[in-house]
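I have placed the structure first, in the form of structure tokens, so that the comments after it can refer back to it.
No experiment lies behind these values; they were computed from the predicted model shown.
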Amino acid sequence: MSKKLDELFTRVLKSRIFKNRELLRPDYLPDELPHREKQILSLAKILAPALHGERPSNIFIYGLTGTGKTAVTRHVLKAIEKRREARGRIITTYANCRHDDTNYRILAKLCETINVKVPFTGLATAEVYKRYVEGVERKKRIIIIVLDEIDALVKKSGDDLLYKLTRINTQLKKSKVCIIGITNDLKFTEYLSARVISSLGEEELVFPPYRAPELEDILRMRARDAFKPGVIGQGVIELCAALAAREHGDARRALDLLRIAGEIAEREGNVKVEIRHVKEARREIERDRVVEVLKTMPLHSKIVLLAIYLQNKSGKRETTTGEIYDTYRELCERLQLDVLTQRRISDLINEMDTLGIIHAKVISRGRYGRTKAVKISISEKSLKEGLLKDEFISKIL
DNA sequence: CGTCCACAGGAATGACGGGCGG
DNA sequence: CCGCCCGTCATTCCTGTGGACG
């Protein structure tokens with residue numbers, strides 16, 4: 001056994017495919033961002049006043065996932081920080097609102113970057129905010145706050161925090177705060193109140209999706225340094241680009257495809273990355289994503305999903321809330337668990353809808369009521385793989 | 001054209017686990 | 001250590017509603 005392991009490690013270390021795999025990771029920031037020159041310049045122009053101590057306008061950045069919003073922002077901030085003028089004058093803060101999706105956690109994160117200590121929980125949000133304002137004022141700097149995937153925060157916790165942050169400068173004398181909001185939801189402003197839109201949207205930048213040829217450029221540039229020479233087979237780059245272009249021009253997806261295709265080829269002991277590896281990579285990505293989401297869902301969501309699945313299996317392609325709830329209740333009784341109310345189940349169904357596990361559409365059937373038509377939008381295989389990990393669920397299946 | 005189904009989804013409230021200040 | 005307050009999850013109660021049926 002240990003000999004086999006040894007061989008495996010050696011093989012991975014002496015990769016015949018990769019020269020530097022890290023270059024393909026989604027959070028790697030390359031020196032050059034092809035086809036985003038315009039956005040880089042615009043953003044730099046807006047932020048430049050910070051260098052001589054003026055507050056830059058707040059900025060709203062729109063664009064679908066993988067269109068380079070985060071990369072461009074980090075790129076520009078990095079360039080600003082490098083300038084001599086920035087020293088002792090500018091502090092930049094980055095927070096991802098999908099990762100930290102409550103007002104409290106965002107504030108805690110902001111506090112962290114200006115060395116203000118706050119506990120994980122327990123304090124009132126208003127208290128944390130107060131400490132943050134005090135901390136900022138003490139710093140006497142221009143603070144640039146990047147709130148990535150800001151839509152996630154607003155949808156969950158409302159725009160209160162945003163409002164406060166846009167007004168924060170009225171409480172400050174020695175420091176100034178500038179906010180960059182990044183969102184991949186183009187209709188995001190619907191969730192915002194007018195007061196926030198006007199102050200946050202002083203400037204707006206739109207990132208269009210990458211087209212397939214542009215994705216090819218990006219991939220080729222990264223592949224040149226990430227892979228050993230000559231290992232990329234005919235048409236591999238083009239396929240990755242085409243698949244990602246179909247997914248609204250998502251560069252992250254394109255890079256993931258290429259990296260995982262490379263990993264699959266390597267696992268096979270192949271010396272070339274071929275088209276079939278890319279196809280397999282696509283399947284793997286989708287499966288992993290879904291299984292990961294399923295595994296981390298709360299127990300009752302899993303049971304609801306199972307209920308939908310069982311309804312599905314007994315012939316119907318679509319189910320309604322009422323039918324799901326009945327089945328759900330039976331399952332709970334069999335497992336001797338407390339039954340949640342229908343109101344709560346309705347929320348759980350909505351949550352799974354936004355996660356993309358199921359598809360729920362409100363339909364009206366006249367005097368037979370108004371309900372939701374629910375169907376599962378993931379493969380049976382990944383559903384089982386994700387659910388069977390749960391000890392309760394596996395009792396039933 | 002009004003009715004009325006079967007829910008959707010908002011608001012208020014309670015239970016619970018956890019940190020804070022004294 | 002205690003009483004207090006907080007955020008989160010869940011319940012209860014509620015009003016709203018698209019359109020087939022009569």
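- Of the residues near DNA chain B, A:Gly369 and A:Ile349, the one whose nearest nucleotide (by heavy atom distance) lies more toward the 5' end is A:Gly369.
- The side-chain contact (heavy atoms from CB on, under 4.5 Å) with A:Leu255 is formed by just one residue from the set A:Asp250, A:Leu24, A:Leu215; it is A:Leu24.
- One interatomic measurement links the two molecules: OH of A:Tyr129 to P of C:dC5, which rounds to 23 Å at whole-angstrom precision.
- Residues A:Thr92 and A:Glu81 bring a donor and an acceptor atom of their side chains to less than 3.5 Å of each other.
- In this structure, the side chain of A:Glu238 does not engage the main chain of A:Glu216 through any donor-acceptor pair within 3.5 Å.
- The same ILVMFWY cluster, assembled from side-chain heavy atoms under 4.5 Å apart, contains both A:Leu51 and A:Ile180.
- In this structure, A:Lys372 does not reach the B:dA6 phosphate: none of its side-chain N or O atoms is under 4.0 Å from OP1 or OP2.
- A:His300 has its NE2 atom 15 Å from the C1' atom of C:dT8, to the nearest Å.
- Summarising the geometry, the separation between CG on A:Leu299 and P on C:dA10 is reported as 10 Å, rounded to the nearest angstrom.
- Rounded to whole Å, the distance from CG on A:Asp347 to P on C:dT11 is 11 Å.
- Going from atom CG of A:Leu337 over to atom P of C:dA10 covers 12 Å, rounded to whole Å.
- As a whole-Å value, the separation of A:Gln342 CD from C:dC14 P is 17 Å.
- Remark: A:Ser364 is not in phosphate contact with C:dG19, judged by side-chain N or O atoms under 4.0 Å from OP1 or OP2.
- In this structure, A:Val128 reaches neither bases nor backbone, as no heavy-atom distance under 4.0 Å exists between it and the strands shown.
- Taking the six-membered ring where the residue is Trp, the centroids of A:Phe18 and A:Phe227 are separated by under 6.0 Å.
- Closest to the side chain of A:Asn350, from the set B:dG9, C:dG18, C:dT11, is B:dG9.
- For B:dA8, one of the phosphate oxygens OP1 or OP2 lies less than 4.0 angstrom from a side-chain nitrogen or oxygen of A:Ser346.
- In this entry the distance linking CD1 of A:Ile324 with C1' of B:dA6 reads 13 Å, nearest Å.
- The residue among A:Arg370 and A:Arg367 whose nearest nucleotide of DNA chain C lies closer to the 5′ end is A:Arg370.
- For A:Arg344, a side-chain nitrogen or oxygen approaches OP1 or OP2 of C:dA10 to under 4.0 Å.
- Per the geometry, CZ belonging to A:Arg343 stands 13 Å off C1' belonging to C:dG16, to the nearest Å.
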